[in-house]
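In the text below, chain A, chain B and the rest are named by the order of the sequence lines, each starting its count at 1. Predicted model, so just to flag it, every value in this text is computed and none were measured. Scope of the values below: all heavy atoms of this structure, side chains included, with no hydrogens, waters or symmetry mates.
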Amino acid sequence: MTPHAPAIIVNETMDSDHDDAPDNETSAVVTRHPHAERSHHLRILEAILFAATQPVGLDKLVGHLPANTDVAALLETLRENYANRGVNLVQLAGKYMFRTAEDMGFVLRKETTEQKRLSKAGLETLAIIAYHQPVTRAEIEDIRGVAISKGTLDILLDIGWAKMRGRRKSPGRPVTYGTTEAFMQQFGLNEITDLPGLQELKAAGLLDGNLPPG
Amino acid sequence: MTPHAPAIIVNETMDSDHDDAPDNETSAVVTRHPHAERSHHLRILEAILFAATQPVGLDKLVGHLPANTDVAALLETLRENYANRGVNLVQLAGKYMFRTAEDMGFVLRKETTEQKRLSKAGLETLAIIAYHQPVTRAEIEDIRGVAISKGTLDILLDIGWAKMRGRRKSPGRPVTYGTTEAFMQQFGLNEITDLPGLQELKAAGLLDGNLPPG
Amino acid sequence: MTESPPTFPASDWPDGATDPRRNAAMADPDTLIVDVAGFEGPLDLLLELARQHKVDLARISIVALVDQYLAYMEKVRSLRLELAADYLVMAAWLAYLKSRLLIPLPPKEGEATAQDMAARLAFRLQRLQAMREASGQLMARPQLGREVFFRGAPEPLVIETQREYSDTLIDLLKVYAERRAKKMVRQSYTVKRQPVWSIKEARETLERLIGGMNEWGTFDVWLERYLATPELRRSVRASSFTASLELVREGVLELRQDTAFDQLYLRRRPTAA
């Protein structure tokens, strides 16, 4: 171990064996035998746990250190050493391993956004659901004049823009669909009655009947 | 090592378990903003480097921290933090990686299959490629004073320690060989100039392409 | 030559394996002869001979080395051992070099001096020795996967792809209006294909229903069962309205509407019973 300037080393090296002694003698690591030994044991545990491909049991760790070493206490020191670091020593099913800190999860995830557009059929179906909700599949098909594929509705349900609202009280009790909060957010609507152009479309005779609110 | 005031160090090391100054107990991490931020950045770097499967380039690390963060300085702090631990932060082929400390080999030592595959001729050829790169097959043979079997070079290429680098601009345009990033990782080298004894060999003229007249 | 064998540094043979050939050679230089195939070419043999002098390769006596090599070759020949051609080529070259070194003659045109040739040989031996040592030093370094290790259980990056839809309200309205418009257009042009309730059908139906129409009721109420099919609704309403007007004119039905565009009611004309 290379000698360092006082005070700094103890902290910077995170050496757990640094003392609370008032003189704060850092050379303690080198000169005070028990501490040096303890530090050496901590290093061994660190290296083993770091290189391990799986969590390591206490029994295995004990095997790498001299008999009568209080491995559990050393592990506790190590756990404390790493408690506030980007990597923590954790216990899984009673075994020990290093794990990136929970709040550091974001560095392990890469979020990519994929720009997509709905298919024409999807957009049309969504519009019909929005304007005619609650609306059954048969009614959507009636308005579109074409059958809709199962996938089209599924995509809308999957994105979270459409949802099942209930069942029509008619023979077969068909499921009805409506739009969601997420739909309102995506298209910048406060209420379903805000659908701009609705009145205009109605006045233009493009729509008939009454649109149920929300 | 950059000099710090003791109080600061406590924060920088992020070490919770040893506050040497009693009045410092109210972990300043929360209140002292710049240090808390620095500590947060160190934790991010730690997490990334611990999680990585391969050494990470500075360019990638920079991407995880706010613009204008002095990542190189943070890495240096981290390197110092870990200098005396069982796990060290090292630079390999210019990239950063945590690796078990060199002196922990006695606990962790394993025989590698690569070692077994390489004959004495193979090891010698590898050294010649490393020290003389870019080097042609004919030059390797000239140094060894014997023809190298095809297999010897193939094994080095196959293990991934040597690679073709290009062609010599001489008659016949012979292929030249050099070492790889995997070679640098294997032997713990940051730059080719870290090769043991390289400077001495160079100074002694033993790496010169041209032989003394004769 | 009877001195105890030099001990090679551990780093000399990076694979850690002891070299039986060399050990034997060191124990008794004569046994060097036994396994000539163990040497990797004449340069390797020369280097081994040179190393036995335990002197700086830069200051080695080339003449002495040549003598040793030639003596070695002679011994091998006397034992009738196979020798690769390049050993003999080297022997010939060394013999020539020795003669040039001992009897200095002005070099021929374009030929190096004997001293240069000797220097070159010494350089090659030095260089080979240097590479051997370098190889040893390299292999003695802590190696990844042998003495030093990367994280045993790295936590690889998880890539989460987020779909982001760029569809806007305008897109939504456009397709909707388009669809509705298309439908209207199609309805007016393909009217023949639509199921239609003829006025005649409507009149017959109303005439059938008229007996029960004592109270005011809307068309939708009276014709409920005919309106069940969505495609027919418009046609049923239109045709029955027209038919009802005929029946009103004939004095069979009564129509009532409280205000303009309000619901239209109809019933059997009471006096017509």
Side-chain angles (χ1 to χ4, degrees), chain B residues 47 49-55 87-88 90 92 97-106 108-112 114-116 118-121 123-128 130-132 142-147 182 185-189 195-198 200-201 204-208 211-214, chain C residues 11-17 19 39-47 58 84 86 90 97 111-158:
Chain B
L49 291 166
F50 253 81
T53 54
Q54 282 287 307
V87 171
N88 304 148
V90 295
L92 299 170
M97 192 63 173
F98 276 115
R99 203 186 63 176
T100 55
E102 291 187 355
D103 64 339
M104 287 291 127
F106 77 97
L108 306 169
R109 194 182 162 91
K110 276 187 204 160
E111 273 315 313
T112 62
E114 282 84 0
Q115 301 297 297
K116 288 175 196 141
L118 279 181
S119 62
K120 182 173 142 266
L123 295 176
E124 226 170 81
T125 304
L126 178 64
I128 292 167
Y131 284 80
H132 290 263
D142 180 53
I143 293 168
R144 295 197 63 232
V146 69
Q185 288 178 14
Q186 179 72 24
F187 295 97
L189 305 166
L195 279 169
L198 185 79
E200 293 86 333
L201 292 174
L206 289 169
L207 300 182
D208 292 348
L211 299 176
Chain C
S11 63
D12 213 12
W13 302 112
D15 45 12
D19 190 331
F39 288 99
E40 295 195 39
L43 200 62
D44 186 28
L45 172 57
L46 267 175
L47 182 59
D86 48 354
M90 176 65 92
L97 172 62
E111 201 187 44
T113 67
Q115 279 68 29
D116 283 348
M117 287 163 71
R120 186 195 144 104
L121 178 61
F123 173 83
R124 290 188 70 196
L125 290 172
Q126 256 183 295
R127 190 176 60 175
L128 181 58
Q129 177 60 18
M131 280 303 108
R132 288 215 169 135
E133 279 163 8
S135 165
Q137 281 174 20
L138 194 61
M139 290 302 147
R141 283 180 73 82
Q143 286 186 48
L144 190 65
R146 199 178 71 175
E147 288 90 8
V148 291
F149 295 83
F150 284 168
R151 178 97 180 269
E155 300 163 67
L157 206 64
V158 175

| Over all atoms of both residues, closest heavy-atom pair of C:L43 and B:I143 | CD2-O, 3.6 Å
| query | Which pair of non-hydrogen atoms, one from B:Q185 and one from C:F150, has the smallest distance, and what is that distance? | reply | OE1-CE1, 3.7 Å
| Derivation and outcome, side chain to side chain contact (heavy atoms under 4.5 Å, CB included), residues B:R144 and C:D44 | CA-CA 8 Å; B:R144 295 197 63 232; C:D44 186 28; over 6 Å; no
Side chain, backbone, both or neither: which part of [X] has a non-hydrogen atom closer than 4.5 Å to chain C?
X      : result
B:L201 : side chain
B:L92  : side chain
B:L126 : side chain

| Check ion pair C:R124-B:D142 (N to O, under 4.0 angstrom) |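 Yes, C:R124 and B:D142 are salt-bridged.
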| query | Between C:R127 and B:D208, does at least one N-O distance fall below 4.0 Å, as a salt bridge requires? | reply | no
Does a side-chain heavy-atom distance below 4.5 Å link [X] with [Y]?
X      : Y      : answer
B:R99  : C:F149 : no
B:E102 : C:E147 : no
B:Y131 : C:M131 : yes
C:E40  : B:K120 : yes
B:T53  : C:E155 : no
C:L138 : B:L195 : yes

| remark: Ranking C:G41, C:P42, C:P142 by heavy-atom pairs under 4.5 Å to chain B gives rank one to C:P142
| When only pairs under 4.5 Å are counted, which of B:A47, B:P55, B:G145 shares the most heavy-atom pairs with chain C? |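 It is B:G145.
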| said: I need the residue from B:P196, B:A127, B:G197, B:A101 with the largest number of non-hydrogen atom pairs under 4.5 Å to chain C. | reply: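 The residue among B:P196, B:A127, B:G197, B:A101 with the greatest pair count is B:P196.
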| message | side chain to side chain contact (heavy atoms under 4.5 Å, CB included) for C:L144 and B:F187? Distances and angles first, verdict last. | response | CA-CA 7 Å; C:L144 190 65; B:F187 295 97; over 6 Å; no
| query | Could you state the interatomic distance from CZ (B:R109) to CD (C:Q143), rounded to the nearest 0.5 Å? | reply |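 If I round to the nearest 0.5 Å, the distance is 8.5 Å.
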